[in-house]
Amino acid sequence: MPSEAQVLEALKVVKDPEIPVNVVDLGLIYGVDIGEGGVVDITMTLTSVGCPVQDLIRADAEMAVGRLDGVSEVNVEFVWTPPWGPDKMTEDGKRQMRMFGFSV
């Protein structure tokens with residue numbers, strides 16, 4: 001089975017199409033639970049409620065993690081509490097945002 005670190009690394013290929021930074025560095029991943037039989041549950045949020053790319057991000061996350069050895073199923077749950085804010089971004093994510101002209 002994969003480790004949490006491997007799941008997070010796999011999720012780094014998933015980007016919000018409106019923001020050129022991956023979901024991990026944006027701070028959108030709130031939790032990863034790896035259960036028996038290779039079932040991976042991911043709790044995450046988006047930068048705003050009603051984000052029009054929610055289904056795309058879910059599909060990309062499921063596909064990215066589903067490719068890992070030992071993963072049999074991937075479940076992505078979106079939550080809105082606590083709300084996302086720029087303070088949840090990693091330092092690398094903030095650096096990437098500044099490179100694209102965002103002030104964070």
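Hydrophobic cluster membership is shared by V24 and V104, with clusters built from Ile, Leu, Val, Met, Phe, Trp and Tyr side chains linked at under 4.5 angstrom. When hydrophobic clusters are built by joining Ile, Leu, Val, Met, Phe, Trp and Tyr residues whose side-chain heavy atoms come closer than 4.5 Å, directly or via intermediates, V49 is grouped together with V53. Cluster annotation: V14 is connected to F100 through the hydrophobic network of ILVMFWY side chains, with a link wherever side-chain heavy atoms come within less than 4.5 Å.
For the pair F102 and P20, the tightest heavy-atom approach, listed with the atom from each and the gap, is CE1-CD, 4.1 Å. Contact between G66 and V74 at its shortest, heavy atoms only, is N-CG2, 3.7 Å. Annotation for P2 and G70: closest pair CD-C, 4.3 Å, computed over non-hydrogen atoms. Closest approach of I34 to M1, counting heavy atoms only: CG2-SD, 4.0 Å. When all heavy atoms of W80 and L46 are compared, the closest pair comes out as CZ3-N, 3.7 Å. Residues L26 and W84 approach most closely at O-NE1, 2.7 Å, considering heavy atoms.
Within the 4.5 Å cutoff, the side chain of K88 has heavy atoms near those of the P82 side chain. Side-chain contact between Q96 and D92 is present, with heavy atoms from C-beta onward closer than 4.5 Å.
No donor-acceptor distance shorter than 3.5 angstrom exists from the side chain of E62 to the backbone of A59, with no hydrogens or angles considered. At least one donor-acceptor pair closer than 3.5 Å links the side chain of T45 to the backbone N or O of V79.
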Stepwise side chain to side chain contact (heavy atoms under 4.5 Å, CB included) test for D41 and E77: CA-CA 8 Å; D41 294 315; E77 178 185 4; over 6 Å; no

Pair I42-L11, side chain to side chain contact (heavy atoms under 4.5 Å, CB included): steps then yes or no: CA-CA 10 Å; I42 300 166; L11 286 169; 4.1 Å; yes

Step-by-step side chain to side chain contact (heavy atoms under 4.5 Å, CB included) determination, D25 to M89: CA-CA 6 Å; D25 288 326; M89 296 173 65; over 6 Å; no

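In this structure, the separation between CD1 on I29 and NZ on K12 is 11.5 Å, given to the nearest 0.5 Å. Atom SG in C51 sits 8.0 Å away from atom CD1 in I19 (nearest 0.5 Å). Between the CG atom in L68 and the CD atom in E9 there is a gap of 10.0 Å [rounded to 0.5 Å]. D55 CG to F78 CZ: the interatomic distance, rounded to the nearest 0.5 Å, is 8.0 Å.
Counting heavy-atom neighbours within 6.0 Å of D87 CG, excluding the residue itself, gives a total above 12.
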